[in-house]
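Below: the structure, in structure tokens.
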Amino acid sequence: MATYKYVTPPTRGSKIGVNADGSLNVPYDPIIPYVEGDGIGPDIWRASQRVWDAAVDKAYGGTRRFVWFKVPAGEEAKRQYDEWLPNDTIEAVKEYRVAIKGPLTTPIGGGIRSLNVTLRQVLDLYACVRPVRYFQGVPSPVKQPEKLNVIIFRENTEDVYAGIEWKARSDEANRVISFMNRELKTKIREMSGIGVKPMSAFGSKRLIKMGLKYAIAHGKSSATLVHKGNIMKFTEGAFRDWGYELVREEFQGACVTEEDVTSKHGGQAPAGKVVVKDRIADSMFQQALLRPEEYSVLCTPNLNGDFLSDACAAQVGGLGMAPGANIGDGYAMFEATHGTAPKYAGHDKVNPGSLMLSGVMMLEHMGGGEAAALVVKGIEETILEKTVTYDLARQTEGARELKCSEFAGKIIEKF
């Protein structure tokens with residue numbers, strides 16, 4: 001049992017375990033650590049928690065329930081404990097395995113790293129998983145947003161987001177520049193900031209493997225490796241090559257490459273097989289707009305995945321309806337994908353959809369598909385009735401604007 005400095009775990013509830021095959025053993029009353037988040041975090045947390053609890057109660061006739069365990073991070077933790085990310089929070093995720101959080105602020109400058117990135121790296125949550133789909137009735141900037149229905153698996157621990165960088169004119173940057181110019185014959189300008197972009201076969205393959213397993217388990221038609229390998233040949237190009245190597249090593253029975261479909265199968269994919277293909281990142285942005293129906297699962301390095309997941313979310317109405325999860329082999333943390341919107345904090349105004357749908361992902365991860373389906377149904381029907389929060393109401397003709405808490409109440413009425 002973990003030792004905590006600032007918080008006390010619930011006296012009721014049970015820990016999630018792990019079966020011999022690596023699957024979760026979820027009790028009827030799992031303890032779930034949570035972080036409300038900064039800014040609008042408490043508003044959207046309260047609304048979402050009500051919806052999840054009501055869905056679990058309805059789906060399972062009162063035989064199951066969440067036991068919530070509040071843990072500190074962000075501005076509240078800094079005020080109370082003078083720490084942005086107390087070790088208690090990390091230990092709680094390790095002990096209870098599944099957690100969820102609202103948006104967190106990281107101050108600009110001062111050497112303080114992103115709290116989100118820190119959590120991902122410390123807990124080895126190597127896959128950022130972002131499903132992007134359209135909810136009928138949500139205003140969208142494209143003509144046919146319903147054609148986009150993808151799930152993005154973004155590598156979470158490597159690439160430029162590994163945080164290996166040095167400030168221009170620092171001793172470290174000067175030493176790196178001097179070494180590279182002298183020993184490797186590069187021509188880096190003096191007084192440059194320096195960053196390192198590590199990408200490994202291990203990190204790339206385990207991310208791509210998760211994406212392929214998802215595609216196979218859910219009957220998806222394709223999985224696409226997104227990269228900028230035409231320019232960064234030994235990092236992003238290697239990501240692509242390692243992906244195809246993985247297909248040959250472990251997935252030949254379930255997958256077929258796009259090249260083999262053309263050369264060996266007359267352009268027709270064998271029935272029941274996932275077609276594995278790759279796209280240059282800038283081309284993929286065009287494809288997501290022009291031919292979105294041709295893509296199902298996208299596997300990407302860290303930076304490209306960050307850009308692409310937000311761009312896809314914009315096509316279906318924005319980050320307000322975009323859920324996310326950070327998943328590793330031992331732990332999972334689900335999260336709202338948008339920022340803290342501090343000017344709306346405490347106004348009971350902002351759309352809680354991103355966090356609610358992240359909770360849907362959490363329920364599905366824990367085997368609670370029946371409760372997850374109720375939440376999705378409630379959201380869909382509430383939006384179709386045009387009873388929505390301000391962000392959707394201002395773009396929807398004839399809509400009735402609801403507070404964040406009222407939106408939650410309407411969703412629960414649909415169960």
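Residues: numbered from 1 along the sequence shown.
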Point to revise | For I44, the option from H338, M356, E36, K349 that meets side-chain contact (heavy atoms from CB on, under 4.5 Å) | key: H338
Point to revise | Gap separating the NE2 atom of H227 from the CG atom of D278, nearest 0.5 angstrom | key: 3.5 Å
**Study point:** I188 and I194, any side-chain heavy atoms less than 4.5 Å apart
**Key:** yes
Check your understanding: Between S358 and S354, is there a donor-acceptor pair closer than 3.5 Å when you use the side chain of the first and the backbone of the second?
Key -> yes
Check your understanding: Does a donor on one side chain sit under 3.5 Å from an acceptor on the other, for E83 and Y6?
Key -> yes
Check your understanding: Looking at L212 and A223, what are the two nearest heavy atoms and their distance?
Key -> CD2-CB, 3.7 Å
Check your understanding: In Å and rounded to the nearest 0.5 Å, what is the NE2 to SG distance from H347 to C404?
Key -> 13.0 Å
Check your understanding: Are K205 and E250 ion-paired here, with the side-chain N under 4.0 Å from a carboxylate O?
Key -> no
**Study point:** Main-chain N/O of T382 paired with T387 side-chain donor or acceptor, under 3.5 Å
**Key:** yes
Check your understanding: Do any N or O atoms from the side chain of D159 and from the backbone of Y161 form a donor-acceptor pair under 3.5 angstrom?
Key -> no
Exercise for review: Inspect the surroundings of CZ in R182 and state if more than 12 heavy atoms from other residues, nucleotides or ligands are less than 6.0 Å away.
Suggested key: yes
Exercise for review: Tell me, with the steps shown, if F239 and L207 meet side chain to side chain contact (heavy atoms under 4.5 Å, CB included).
Suggested key: CA-CA 10 Å; F239 178 87; L207 178 280; 4.3 Å; yes
**Study point:** Nearest-0.5 Å distance that lies between atom CZ in F234 and atom CG in D241
**Key:** 10.5 Å
Practice item. May I ask you to check whether over 12 heavy atoms, not counting those of R175, lie within 6.0 Å of atom CZ? Key: no
Exercise for review: Assert yes or no for the condition that the ring centre distance of W52 to F66 is strictly below 6.0 Å.
Suggested key: no
Exercise for review: State, yes or no, whether a side-chain contact exists between R46 and R50 at a heavy-atom distance under 4.5 Å.
Suggested key: no
Check your understanding: Would you find a donor on one side and an acceptor on the other, under 3.5 Å apart, between the side chain of N149 and the backbone of R133?
Key -> no
**Study point:** Distance-minimising heavy-atom pair for G211 and V297
**Key:** O-CG1, 3.8 Å
Check your understanding: Do R154 and N302 have side-chain N/O donor and acceptor atoms under 3.5 Å apart?
Key -> yes
Check your understanding: Side chains of Y134 and Q144: closer than 4.5 Å at any heavy-atom pair?
Key -> no
Study note, to complete from the structure: Exactly one of D329, T157, N156 clears side-chain hydrogen bond (donor to acceptor under 3.5 Å, both in side chains) with Y126, and that residue is D329
**Study point:** V7 and P72, any side-chain heavy atoms less than 4.5 Å apart
**Key:** yes
Revision key, fill the gap. Value for CD (E258) from OH (Y244), rounded to nearest 0.5 Å, stands at 6.5 Å
Review point. For the side chain of K147 and the backbone of L290, is there at least one donor-acceptor N/O pair under 3.5 Å apart?
Key: no
Exercise for review: Any chance you could lay out the salt bridge (charged side-chain N to carboxylate O under 4.0 Å, His left out) test for E370 and R64, step after step, and finish with the verdict?
Suggested key: CA-CA 12 Å; E370 299 87 352; R64 299 186 189 181; 5.3 Å; no
Review point. Residues in salt bridge (charged side-chain N to carboxylate O under 4.0 Å, His left out) with R291, at least two apart?
Key: E294
Point to revise | More than 12 heavy atoms from other groups under 6.0 Å of CD on Q136 | key: no
Practice item. Could you tell me whether E259 and R248 make a salt bridge, using a distance below 4.0 angstrom between a side-chain N and a carboxylate O? Key: no
Exercise for review: Check step by step if side chain to side chain contact (heavy atoms under 4.5 Å, CB included) holds for K228 and I280.
Suggested key: CA-CA 5 Å; K228 193 62 179 169; I280 301 296; 3.9 Å; yes
**Study point:** Any side-chain heavy-atom pair of D124 and Y331 under 4.5 Å
**Key:** no
Review point. Is a side-chain N or O of K386 found less than 3.5 angstrom from the main chain of E397, in a donor-acceptor match?
Key: yes
Review point. Any sub-3.5 Å donor-acceptor pair from R97's side-chain atoms to G17's backbone N or O?
Key: no
Check your understanding: Is there a side-chain contact between L123 and I90 (heavy atoms, below 4.5 Å)?
Key -> yes
Revision key, fill the gap. Closest non-hydrogen atoms of D348 and S405, given as atom of the first, atom of the second and distance, are OD2-OG, 2.7 Å
Exercise for review: Run the numbers on I383 and V138 for side chain to side chain contact (heavy atoms under 4.5 Å, CB included), then give the verdict.
Suggested key: CA-CA 7 Å; I383 291 173; V138 173; 3.9 Å; yes
Review point. With sequence neighbours left out, what residues match S309 under side-chain hydrogen bond (donor to acceptor under 3.5 Å, both in side chains)?
Key: R130
Review point. What is the distance from atom CG of N351 to atom OG1 of T389, rounded to the nearest 0.5 Å?
Key: 3.5 Å
Practice item. Please lay out, stage by stage, how V71 and Y4 fare under the test side chain to side chain contact (heavy atoms under 4.5 Å, CB included). Key: CA-CA 10 Å; V71 293; Y4 298 98; 5.9 Å; no
Study note, to complete from the structure: Smallest heavy-atom separation, I327 atom then A332 atom, equals CG1-CB, 4.1 Å
Point to revise | Neighbour count above 12 (heavy atom, 6.0 Å) for K264 NZ | key: no
Check your understanding: Are more than 12 heavy atoms from other residues, nucleotides or ligands located less than 6.0 Å from atom CZ of F307?
Key -> no
Point to revise | Within 6.0 angstrom of K277 NZ, more than 12 heavy atoms from elsewhere | key: yes
Review point. Backbone N or O of V226 within a donor-acceptor pair of the T300 side chain at under 3.5 Å?
Key: no
Check your understanding: What closest approach, in Å, do P139 and T396 show between heavy atoms, and which atom pair accounts for it?
Key -> CG-OG1, 3.2 Å
Review point. Going by heavy atoms in the side chains, are V98 and F334 under 4.5 Å from each other?
Key: yes
Exercise for review: Please answer whether the main-chain N or O of D391 pairs with a side-chain N or O of Q395 as donor and acceptor at a distance below 3.5 Å.
Suggested key: yes
Point to revise | Spatial distance of atom CZ (R169) from atom OG (S192) [nearest 0.5 Å] | key: 11.0 Å
Point to revise | Side chains of K70 and Y34 in contact at under 4.5 Å (non-hydrogen atoms) | key: yes
Point to revise | K233 side chain vs N230 backbone, donor-acceptor pair below 3.5 Å | key: yes
Check your understanding: When you look at K5 and E91, which way does the salt bridge (charged side-chain N to carboxylate O under 4.0 Å, His left out) test go after all the steps?
Key -> CA-CA 10 Å; K5 182 177 180 181; E91 290 303 314; over 6 Å; no
Point to revise | Whether over 12 other heavy atoms sit under 6.0 Å from K403 NZ | key: no
Review point. Applying the salt bridge (Lys or Arg N to Asp or Glu O under 4.0 Å) test to K197, which of E158, E236, E155 qualifies?
Key: E236
Review point. Would one find more than 12 heavy atoms of other residues, nucleotides or ligands at under 6.0 Å from atom CD of Q80?
Key: yes
Check your understanding: Side chains of D88 and Y81: is there a donor and an acceptor less than 3.5 Å apart?
Key -> no
**Study point:** Minimum heavy-atom distance between M362 and I100, given as atom pair plus value
**Key:** SD-CB, 4.0 Å
